[in-house]
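Just so it is clear: chains get the letters A, B, ... in the order the sequence lines come, proteins before strands, and each one is counted from 1.
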Amino acid sequence: MVARYNPSEVEKKWQQKWAEDRLYEVGEGSSRPKWYALTMFPYTSGDLHIGHWYAMAPSDVRARFKRMQGYNVLHPMGFDAFGLPAENAAISRGIHPFTWTMQNVDNMRRQLKSLGAIYDWSREVITCLPEYYKWTQWFFLKLYEAGLAYRGKAPVNWCPRCQTVLANEQVVTGGFCERCGATVSRRDLEQWFFRITKYADELMQYDGIDWSERIQIMQRNWVGKSQGADISFALDYPGVEEKELRVFTTRPDTTFGVTFMVLAPEHPLVAKLTSPERKTEVEDYIALSRRESEVERLSTEKEKDGVFTGAYVVNRLNGESVPIWIADYVLMGYGTGAVMGVPAHDERDFAFAQKYNLPIRVVIAPPEWQGGELEAAYIDPGVMVNSGQFNGLPSQQGIAVVSDFLEAKGYGGRAITYRLRDWLISRQRYWGAPIPMIYCSDCGIVPVPEEYLPVLLPEDAEFRPTGESPLKYCEPFVNTTCPRCSAPAKRETDTMDTFMCSSWYFLRYTSPNCDTAPFDADRLKYWMPVDIYTGGAEHAVMHLFYTRFFIKALRDMGLVDFGEPFARLFNQGIIITQRQKMSKSRGNVINPDEYVSELGADVVRAYLMFIAPWEQGGEWDDSGISGISRWLKRVWNLVLEPYAARVIAENKPSDDKALRDLERITHQTIKKVTDDLEGFRFNTMIAALMEFTNYLIKAKEIGTVADSAWRESVDTLLRLQAPTTPHLAEELWQRRGHGYSIHNQSWPQWDEELAKDEEITLVVQVNGKLRDRITVPVSIAETEAKQLALESQRVKAHLEGKEIIKMIYVPGRLLNMVVR
RNA sequence: GCCGAAGUGGCGGAAUGGUAGACGCGGCAGUCUCAAAAACUGUUGGAGGGCGACCUCCGUGUCGGUUCGAGUCCGACCUUCGGCACCA
């Protein structure tokens with residue numbers, strides 16, 4: 001009997017040895033081709049849960065596989081360390097965000113080390129450290145210089161009782177402040193933006209990168225490009241400078257159907273146009289919509305309401321005067337913040353017109369239309385009617401014709417509008433990278449000169465229980481001198497959105513200690529772009545979208561020579577518990593630590609991969625984990641209990657046959673495991689390894705293959721298993737007397753000839769129903785196969801009294817007889 | 001409402017248009033044990049039939065279609081999950 005498999009002993013031993021030997025540290029001087037395998041770095045929330053492991057274990061397995069295949073693999077790890085929860089911890093527990101975050105980093109690093117991954121810890125990146133955020137700030141300055149960063153007004157969630165800005169997640173359902181319960185309103189604040197909209201079209205292109213269609217669609221929807229026209233309506237009010245009101249529409253063909261105009265409540269013309277007798281009503285409405293939370297206002301369930309301003313515009317196409325209303329279903333941030341109301345051909349306008357008794361004029365005739373009133377808006381194509389010179393034109397053609405007409409007359413013309421808005425990066429928070437800008441009463445906005453970076457976060461900022469941004473009241477931080485004129489000046493107190501930090505962290509991994517630049521250009525050139533990026537699909541738009549923009553901006557500044565950071569993207573599914581996402585607030589978090597100490601990291605790694613296809617994810621249920629544990633114990637015993645080939649008795653199957661079978665299964669397994677790893681099919685890869693193990697156990701019992709062949713197959717099993725269960729494989733490799741380390745071994749190759757089946761099961765069907773299976777040589781000829789099938793008793797029973805009208809023969813597969 | 005993905009045993013899941021249920025969990029029976037656990041062996045989709053080796057029928061969300069043959073392809077629908085959601 002061999003000693004029992006003790007995972008924690010084995011794992012501790014090898015993790016120590018690998019670390020001492022710096023086995024997984026990588027450099028750029030290798031003759032092997034490079035492979036950059038990146039996993040989304042975790043946010044420093046406290047501990048890693050099983051969901052993190054679900055993201056990390058399979059990607060480590062695949063990185064290890066690439067390493068054994070001969071690549072120089074960079075598979076780094078770090079921490080996304082700025083963000084609101086650290087600040088909340090500071091407020092609620094009186095612990096400094098830095099302390100809280102770094103404690104979490106220590107704990108999470110310990111957990112990550114217990115996973116046994118090939119992370120090169122010498123390249124660790126932590127975004128909240130000055131040596132990192134110095135360069136985040138530096139990038140901000142570069143974007144500012146390039147004209148891609150600007151200041152503008154944007155609404156924030158404002159709690160009137162706490163007198164502070166709230167993040168979206170601090171506003172609870174119904175629009176109340178999470179902390180004090182007061183109704184949250186919106187307030188405009190000057191904030192910093194990145195001009196991501198400049199890249200809107202390019203961000204919809206995915207040429208040369210391998211990203212799932214699903215993510216591409218999500219990102220394209222996010223950009224929300226729509227084609228249509230801008231139309232100018234004539235305004236003529238004494239004392240009002242503007243002589244036109246411009247709207248964007250995708251349906252210029254319906255312009256003759258305009259019976260009213262709607263402005264967003266925030267539209268700058270509202271105040272100017274509102275007639276004195278309507279003033280109170282209009283102001284009340286604006287106040288009301290300001291108070292409403294974003295969620296309420298944008299709810300499609302809400303009935304459309306609005307108020308008349310008392311003003312009118314003229315539709316230049318037909319000279320009609322139509323009333324101007326305001327309504328909160330019109331959004332200031334999209335198009336021009338004004339909409340032409342065509343109730344006959346737009347569902348929202350229809351509802352609005354019905355409510356306020358506004359005329360509904362049909363200008364696109366539905367099929368079979370007799371000139372009667374509509375029951376609902378008709379939004380499909382039709383023939384233009386009531387449209388002057390355009391009558392009789394099909395509406396789809398009308399879109400182009402009317403656009404051209406508008407253009408010719410100077411009333412507007414073709415236009416494209418995007419749903420995408422510029423990226424608002426200002427956060428009224430402490431725990432983020434300070435925006436390196438200074439406000440001088442004489443010079444205006446002045447960037448902090450590069451040599452003064454980083455703008456350090458003051459350590460002694462006071463965290464008031466109100467939750468107000470501590471930087472604003474930190475005098476030593478705020479008060480500075482103007483870099484240009486040396487007069488007293490004030491610092492920007494907003495910090496940057498953490499998506500800014502995560503937009504470039506993978507560049508830093510290539511040269512984490514570079515202190516003269518965000519990265520070393522040569523080392524960056526060696527590693528980038530990332531060959532495979534894996535992570536949760538929840539980042540489909542935000543992170544993955546921002547970072548693409550960021551890299552394109554760097555490319556245009558000449559800082560990098562590629563426009564896409566990630567050559568290939570693969571999203572794994574999520575692990576849920578109790579039918580819900582794992583989260584601390586729900587209290588359904590599964591910590592891997594107990595499973596690791598009880599069963600071993602190798603077991604947890606393999607189990608996570610085994611439960612479902614990786615891209616699917618699923619419910620965490622540990623009832624099946626014993627299957628993996630048993631498998632690894634079987635491998636342990638299989639490898640360590642000595643093998644002895646038996647002398648073959650006369651009547652036993654020949655030694656030769658057993659050997660060929662073993663060879664075939666071995667090579668088939670190599671092929672299957674390799675293909676599955678390439679295709680991220682970890683669950684079937686493990687099934688194949690289990691089948692191989694079970695086969696070897698049987699072969700050992702029978703004992704008819706020569707020692708050398710058996711040993712070779714066992715060694716193959718260990719190498720195939722090395723990425724999945726790195727500790728166990730290393731231990732067994734050593735115990736079999738091989739050199740250290742199995743992880744420096746090359747990946748097994750299969751021989752197509754040896755993997756070929758010699759015999760197959762030929763399926764015989766009658767009218768598509770399975771009637772018999774016959775074992776035949778692969779090379780069997782068609783006539784011979786038919787002969788055998790017709791001889792089968794089972795088949796004969798179903799041919800009784802029938803006439804064979806057709807035979808379908810699929811070599812190596814089946815024979816189907818069609819009878820009547 | 002729109003976009004996307006998925007529906008297969010008691011459970012997780014497997015299956016280039018060609019043997020449905022690989023692999024594993026659980027169950028059942030057995031070996032070992034004073035006993036239990038662990039481990040190992042066998043068995044395990046449902047219904048019916050045969051003393052038996054076995055045989056027959058049904059079966060991949062529902063209803064149709066294409067095909068010699070459909071879990072897989074096409075159409076309609078139902079359900080679940082994910083994303084977006086008054087974007088003019």
Side-chain angles (χ1 to χ4, degrees), chain A residues 4 212-222 224-226 228 247-251 254 262 264 295 297-304 327-331 333-342 345-349 351-352 417-421 537-538 540-541 571 573-574 576 579 581 606-607 610-613 615-631 633-634 637 681 683-694 697 760-773 794 797 805-810 812-819:
Chain A
R4 271 180 57 186
S212 72
E213 197 59 36
R214 192 170 128 246
I215 300 292
Q216 291 186 30
I217 288 167
M218 281 164 81
Q219 293 202 345
R220 284 204 188 94
N221 290 344
W222 191 256
K225 182 176 185 171
S226 48
V247 300
F248 171 76
T249 179
T250 52
R251 296 293 302 273
T254 64
V262 193
V295 182
R297 185 171 160 185
L298 292 180
S299 165
T300 45
E301 307 302 314
K302 195 192 138 188
E303 198 184 341
K304 290 176 186 27
D328 62 11
Y329 78 86
V330 176
L331 310 170
Y334 183 78
T336 61
V339 166
M340 61 184 207
V342 185
H345 307 294
D346 182 281
E347 281 167 19
R348 294 153 301 177
D349 297 346
F352 195 78
T417 296
Y418 299 90
R419 204 187 77 106
L420 179 70
R421 324 268 172 91
E538 65 271 23
V541 270
N571 295 110
I574 50 169
I576 55 170
R579 303 169 57 86
K581 246 185 207 171
Y607 183 58
F610 186 61
I611 46 181
E615 65 268 36
Q616 185 186 303
E619 175 91 26
W620 171 259
D621 171 6
D622 63 12
S623 67
I625 201 167
S626 54
I628 298 289
S629 244
R630 283 176 202 155
W631 168 48
K633 281 180 204 160
R634 284 204 306 274
N637 293 329
R681 291 180 298 269
N683 57 331
T684 48
M685 170 201 70
I686 291 188
L689 288 172
M690 286 174 167
E691 282 182 82
F692 188 37
T693 306
N694 294 345
I697 290 169
I760 50 119
T761 305
L762 185 75
V763 171
V764 184
Q765 297 182 334
V766 178
N767 282 349
K769 287 196 171 163
L770 174 80
R771 293 306 175 193
D772 201 3
R773 304 164 222 241
R794 283 179 250 243
I805 51 174
K806 205 172 171 185
M807 275 209 210
I808 286 134
Y809 180 65
V810 182
R813 284 251 168 222
L814 90 165
L815 180 67
N816 186 13
M817 298 183 222
V818 186
V819 301

Looking at every strand, decide which applies to A:Arg771 at a 4.0 Å heavy-atom threshold: base, sugar-phosphate, or nothing.
sugar-phosphate
Please classify the nucleic acid contact of A:Ile808 as base, sugar-phosphate, or nothing, using heavy-atom distances under 4.0 Å.
base
On a plain distance test, is the side chain of A:Lys304 in donor-acceptor contact with the base of B:C86 below 3.5 Å?
yes
To the side chain of A:Val763, which of B:G13, B:C84, B:U19 is closest?
B:U19
For A:Arg634 and A:Asn694, the nearest pair of non-hydrogen atoms, with its separation, is NH2-OD1, 3.1 Å
My understanding is that only residues two or more places apart in sequence, or in another chain, count here; which of them pass side-chain hydrogen bond (donor to acceptor under 3.5 Å, both in side chains) with A:Arg794?
A:Asp772
How is the base pairing of RNA chain B summarised as a dot-bracket string, given the Watson-Crick and G-U wobble criteria with both distances under 3.5 Å, [ ] for crossing and | for another strand?
(((((((..(((.....[....)))((((((.......))))))(((((....)))))..(((((..]....))))))))))))....
Could you pull out the closest heavy-atom pair between A:Gly333 and A:Arg421, with the gap in Å?
O-NE, 3.4 Å
Could you check whether A:Ile611 gets within reach of a base, just the sugar-phosphate, or nothing at all, counting any heavy atom under 4.0 Å?
sugar-phosphate
Close side-chain approach of A:Thr249 to A:Arg251, heavy-atom, < 4.5 Å:
yes
Can you name the residues that form a side-chain hydrogen bond (donor to acceptor under 3.5 Å, both in side chains) with A:Asn571, not counting sequence neighbours?
none
Please name all residues satisfying side-chain hydrogen bond (donor to acceptor under 3.5 Å, both in side chains) with A:Arg220, sequence neighbours left out, ordered by chain then number.
A:Gln216
Students often get this wrong, so: under 4.0 angstrom with heavy atoms, is A:Glu691 touching a base, only sugar-phosphate, or nothing?
sugar-phosphate
Among A:Met807, A:Gln765, A:Lys806, which residue meets the side-chain contact (heavy atoms from CB on, under 4.5 Å) test with A:Val818?
A:Lys806
Name the nucleic acid region contacted by A:Gln616, choosing base, sugar-phosphate or nothing; use a 4.0 angstrom heavy-atom cut-off, strictly under.
sugar-phosphate
At less than 4.0 Å, is any side-chain N or O atom of A:Thr684 found next to OP1 or OP2 of B:C23? Yes or no.
no
Rounding to an integer number of Å, can you tell me how far A:Met340 CE sits from B:A88 P?
12 Å
Distance test, side-chain N/O of A:Asn683 to OP1/OP2 of B:A14, below 4.0 Å:
yes
Taking only side-chain N and O atoms of A:Asn694, does any of them lie within less than 4.0 angstrom of OP1 or OP2 on B:G24?
yes
Short heteroatom pairs, N/O only, protein and nucleotides 37-48 of chain B, under 3.5 Å:
from: B:A39; atom 1: OP1; to: A:Arg630; atom 2: NE; distance (Å): 3.4

With the side chain of A:Pro613 defined as its heavy atoms from C-beta on, choose the nearest nucleotide among B:C25, B:A14, B:C87.
B:A14
Nearest whole angstrom, please: distance from the P of B:G69 to the CD1 of A:Ile805.
10 Å
OP1 or OP2 of B:A70 sitting under 4.0 Å from any side-chain N/O of A:Lys769?
no
Sub-4.5 Å side-chain heavy-atom contact between A:Tyr329 and A:Val262:
yes
Which nucleotide in the list B:G18, B:C87, B:A88 gets nearest to the side chain of A:Arg421?
B:C87
Please confirm whether the shortest side-chain N or O distance from A:Arg251 to OP1 or OP2 of B:A88 is below 4.0 Å.
no
Regarding A:Arg419, tell me which of base, sugar-phosphate or nothing describes its non-hydrogen contacts under 4.0 Å with the strands shown.
base
Between the side chains of A:Tyr334 and A:Ser226, does any donor sit under 3.5 Å from an acceptor?
yes
Side-chain contact check for A:Tyr329: nearest option of B:C86, B:U19, B:A14 is B:C86
Touch check for A:Asp349, heavy atoms < 4.0 angstrom, all strands: base, sugar-phosphate only, or nothing?
nothing
Test of understanding: with side-chain hydrogen bond (donor to acceptor under 3.5 Å, both in side chains), list the residues that count as partners of A:Lys225, not counting sequence neighbours.
A:Asp201
Give the rounded distance in Å between these two atoms: CG of A:Leu689 and P of B:A22.
18 Å
Toward the 5' end of RNA chain B, by each residue's nearest nucleotide, A:Asn816 or A:Ile628:
A:Ile628
